There are 2 protein chains.
Amino acid sequence: MPRTPRNTLSPELIVETALGLMEAKGTNGFSLRALAGELGVGPMAIYTYFRNKDELYDAVRDHLLATGAPTPGDGPWQDQVRSICGGLRDLMLQHPCLVQLLGGRPLSGQETVGLAEIHLRVLRSAGFGPEDAARAHIALFTYVLGSTSWETQLKAERQDPEGRRRLRATMESLSSADYPTVVELAPELSLTSGGPEQFEYGLDLLLAGLSARLG
Amino acid sequence: MPRTPRNTLSPELIVETALGLMEAKGTNGFSLRALAGELGVGPMAIYTYFRNKDELYDAVRDHLLATGAPTPGDGPWQDQVRSICGGLRDLMLQHPCLVQLLGGRPLSGQETVGLAEIHLRVLRSAGFGPEDAARAHIALFTYVLGSTSWETQLKAERQDPEGRRRLRATMESLSSADYPTVVELAPELSLTSGGPEQFEYGLDLLLAGLSARLG
DNA sequence: ACCTGAACACCGTTCAAGT
DNA sequence: ACCTGAACACCGTTCAAGT
């Protein structure tokens with residue numbers, strides 16, 4: 001076990017190593033002691049840079065949002081919204097821990113401000129009033145958060161062979177007496193499990209509603 | 001410490017006691033050992049009824065969805081969808097742990113089938129085809145999931161005085177050079193933080209999009 | 001079957017100390 | 001300032017045993 005020499009640690013190195021561990025072992029499987037082991041230091045070395053585990057979580061979340069912030073591109077406002085929301089979805093699918101970091105940690109506020117700024121700018125330019133822009137931004141953002149959370153979960157389930165078996169078993173055990181509509185729509189429901197089509201279906205509904213409000 | 005006599009334990013009692021602890025201490029603060037202490041038994045007594053902690057999580061989630069399942073009511077299909085989604089939101093706000101249980105645990109499938117059945121029935125009766133009904137159900141469900149997750153987090157932040165201070169401090173520290181639109185729309189953005197109005201704003205967008213698809 | 005008790009391999013964090 | 005090492009109060013879970 002090579003001990004890392006002094007003064008080689010930094011907040012950035014710690015955050016990036018932590019991110020790697022979270023993606024490898026899942027957010028719940030992550031531990032400060034494992035992180036310290038990976039860095040070649042004692043567990044307490046990390047406390048020089050972060051007050052506790054939660055502060056490190058927040059730093060990882062902010063790091064992801066800062067480096068992977070989506071851009072609006074150009075074109076009509078609908079395409080710009082699609083680009084921002086799609087970019088945010090890509091970021092979350094690429095870093096599943098981000099979903100849990102956004103949904104399961106207190107919000108200092110700072111972290112999502114960058115995203116809000118570009119999103120609100122697009123909506124204001126499109127002609128939405130202050131309140132509509134603010135509400136539309138949150139409606140779109142929470143949709144991305146929820147649909148990505150669901151998609152991530154299904155994806156993880158389908159990667160585990162035991163999980164696939166369980167899902168199939170559940171579907172086959174459904175009695176069409178208790179759940180006639182679910183059984184009837186089973187093929188269509190399987191279409192909805194993840195993928196860009198389902199994501200854009202809901203996004204298009206929101207955009208259609210927004211377009212109607214604008215006119 | 002009164003030891004609970006034998007054969008007084010049951011899956012139901014364990015699940016309900018676990019739910020109480022999760023609501024009191026948060027999902028992350030919950031532990032099997034604390035649960036055993038509350039029940040007046042040794043930690044291993046629980047393993048007679050559940051194979052491990054994850055199975056208990058799933059049981060709590062299924063219990064909440066089974067007992068608190070929302071009903072469509074009657075009226076036009078838009079009102080029925082509003083009733084179902086609003087009921088699901090109420091359930092999640094009342095039991096914040098449900099958000100984390102739905103977003104952070106593998107999906108066996110079974111647990112959300114009851115909800116899917118009533119929701120799909122409403123959408124099919126409204127005239128939506130099989131694929132539209134399936135996709136609309138998931139789009140609406142994931143919107144409820146995301147917006148409730150966000151709302152729960154903000155609520156928790158605002159209940160903690162330290163959290164309120166942090167939120168205010170962040171808002172005041174935003175330079176209008178870096179984030180002009182966010183600073184300008186600060187009053188409107190504060191409107192979006194939770195509450196039924198914001199929830200229904202997004203829900204109405206989705207319903208408007210769906211109505212357009214039907215015609 | 002239902003439950004205990006000791007044990008194992010972990011946690012996050014405090015505290016005093018070393019460089 | 002930067003980091004160590006021992007210690008504390010926890011975890012989930014296994015295993016052998018008791019009723």
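As the structure is a prediction and not an experimental result, all values here were calculated from the model. Each chain gets a letter, A, B and so on, in the order the sequences are listed, and its residues count up from 1.
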For F128(A), the option from L120(A), V122(A), L210(A) that meets side-chain contact (heavy atoms from CB on, under 4.5 Å):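 So the option named by the test is L210(A).
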Report all side-chain donor-acceptor pairs from residues 25-37 of chain B shorter than 3.5 Å, counting only partners two or more places apart or in another chain.
| from | atom 1 | to | atom 2 | distance (Å) |
| --- | --- | --- | --- | --- |
| N28(B) | OD1 | Q100(B) | NE2 | 3.3 |
| S31(B) | OG | A34(B) | N | 3.0 |

Short side-chain donor-acceptor distance under 3.5 Å, D132(A) and Y201(B):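 A donor-acceptor contact under 3.5 Å links the two side chains.
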Check: F199(A) ring centroid to Y143(A) ring centroid under 6.0 Å: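 Yes, the ring centres sit under 6.0 Å apart.
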[X]: what forms a salt bridge (Lys or Arg N to Asp or Glu O under 4.0 Å) with it, not counting sequence neighbours?
X      : answer
D54(B) : R105(B)
D90(B) : none
E12(A) : none

Given protein heavy atoms under 4.0 Å, the one-letter contact record of nucleotides 11-19 of chain D, with B base, S sugar-phosphate only and - none, is simply BBBBB--BB
Rounded to the nearest angstrom, tell me the gap between atom CG in L39(A) and atom C1' in dC2(D).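 Checked: the CG to C1' distance equals 14 Å.
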Stems where DNA chain C pairs, listed by first number, each of three or more Watson-Crick or G-U pairs under 3.5 Å: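 The stems that DNA chain C takes part in, listed by first number, are C:4-8 with D:12-16, C:12-16 with D:4-8.
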SB check R135(A) E197(B) (cutoff 4.0 Å):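 Result for this pair is no, no salt bridge flagged.
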